[in-house]
Protein chains: 2
Amino acid sequence: MTTQNSLTIGRIAQSAGVAIDTIRFYEREGLLPEPRRRPSGYREYDEAAVSRLRFIRRAKDLGFTLDEIRELLALSADRHGGVEGVRERAAARLKAIDERIVELQRVRDGLSELVEACPGHGAPEDCPILKALAEPTR
Amino acid sequence: MTTQNSLTIGRIAQSAGVAIDTIRFYEREGLLPEPRRRPSGYREYDEAAVSRLRFIRRAKDLGFTLDEIRELLALSADRHGGVEGVRERAAARLKAIDERIVELQRVRDGLSELVEACPGHGAPEDCPILKALAEPTR
DNA sequence: CTTGACTCTTGAGTTACATCAAGGGTCTAG
DNA sequence: CTAGACCCTTGATGTAACTCAAGAGTCAAG
C-alpha cells in the first residue's frame, strides 16, 4: 500500500509542512529516528517519516511541548498500556489549557475594565490604567 | 509625603517582590533609571523606585512584554498625549489576549473531544487521539 | 559537461527574561 | 573588632524551539 519510493529531506519537509532544519533538529532531539542514508550521505525517508512529522506538528498545535511529544511517540508505539498513557497525557494537557484560559480570562477582564474606564486623554494622574499599575500592592 | 530615607537594592526588591538580580537587569535594560550611589558604590533608591518596580510587575502580570512596558513607562511620563498612547497599547494588549483565548478555546475543544472519545485502553490503532495525530492533513 | 538546486556537517545565534557564579568590597549588630 | 549579611561587577548559563552561516559535496535536467 505504502509506496517505497525514497524521499529526500526536502520532499518530506514539503509534505509535512516543516523546515528542513527543523527535521534535522528533531532527529538530533530524538523525535525522529535516524534515517537510512544514500552512499552520498543524503538522508532517505519513507512515508512513515512524513506521518511521524505530521504527528509532531499536530501535537505541537495542540500545545504539547517537544518533550511531551517524545513521550506520546513512545506511548503510541507501546502496544500494551500505551493508550492509557496517551489518554492521561492528553487529559493533563487539557487541564493545563483550561487553567491557562481561566488565567487569561482573569487578566482579560481586569484589563478590559481599565481600558473602558480610561478616557484616552487628559493627565497621566487621571488615567485609570496608569493608576492601577502604579498603585501600592492590594 | 514620601519619606526620603534611602533604600538598598535588597529592601526595594523585598517591597516590590522581585529579585535583586532582576532589578539590576531592569536597570541594564533601561526600565529603571540608574540610581544614585553611596560612596561605596551601593545603589540608593527611594519610594518612587518601588512604585516603578511594582508598575513593571503589574504590567508583566497583564501580559505586557518588557519592551511594551518600556513604552508604557515612557508614555506615563508624557504629560501631553501620553495617556492616549497608554490606552492604545492596553487596547492592543486586550485584543491580543482575546485572540489568544479564542485560539486556546479552539485547541481545548479539539483536545477535549479526543479525550472523551478515547477509551483509555486497547490497541493504539483504536485510540482516537493517536489516530487524529497521525491522520494525513485534512 | 555544466549549472543550479539540493544536501551535508559543525557550530553559533536568536528571543525573552532572567538567574547564577566567582571573587571581592561594605555594613552593622554584638 | 569581627562575623555574617549584604552589595558590587563581569560574564556565563538556562529554557524552548528553532534558525542560520559557512564551506563543501551531490544530483538531475538539458
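- Contact annotation: A:Arg24 side-chain N/O to C:dT9 OP1/OP2 distance is not under 4.0 Å.
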Nucleic acid footprint by protein, nucleotides 15-25 of chain C - heavy-atom cut-off 4.0 Å, B for base, S for sugar-phosphate alone: --BBBB----B
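- Ion pair B:Arg58/B:Asp61 not flagged as a salt bridge, since none of the NZ, NE, NH1 or NH2 atoms sits closer than 4.0 Å to an Asp/Glu carboxylate oxygen.
- Sorted by first and then second residue, the side-chain hydrogen bond (donor to acceptor under 3.5 Å, both in side chains) pairs with a member in residues 87-96 of chain B read B:Glu71-B:Arg89, B:Lys95-B:Glu99; sequence neighbours excluded.
- In terms of the side-chain contact (heavy atoms from CB on, under 4.5 Å) criterion, A:Ser51 has no residue partners (sequence neighbours excluded).
- Rounded to whole angstrom, the span from the CD1 atom of A:Ile9 across to the C1' atom of C:dA5 amounts to 15 Å.
- Think of the region where chain B sits on DNA chain D: with heavy atoms and a 4.0 Å cut, that region ends 5' and 3' at D:dC6 to D:dT9.
- Residues A:Leu31 and A:Phe64 fall within the same hydrophobic cluster, defined by Ile, Leu, Val, Met, Phe, Trp and Tyr side chains chained together at heavy-atom separations under 4.5 Å.
- Nearest nucleotide to the side chain of A:Arg43, out of C:dC27, C:dT9, C:dT7: C:dT9.
- Every residue two or more places apart in sequence or in another chain that forms a side chain to side chain donor-acceptor pair (under 3.5 Å) with A:Asp98 is listed here: B:Arg108.
- Sorted by first and then second residue, the salt bridge (Lys or Arg N to Asp or Glu O under 4.0 Å) pairs involving residues 113-134 of chain B (not counting sequence neighbours) are A:Arg79-B:Glu125.
- A salt bridge does not link B:Arg43 with B:Glu34: none of the charged nitrogens is closer than 4.0 Å to a carboxylate oxygen.
- Ion pair A:Arg24/A:Asp21 flagged as a salt bridge, since at least one NZ, NE, NH1 or NH2 atom sits closer than 4.0 Å to an Asp/Glu carboxylate oxygen.
- Protein atom CD of A:Glu34 is 12 Å distant from nucleotide atom P of C:dC8, rounded to whole Å.
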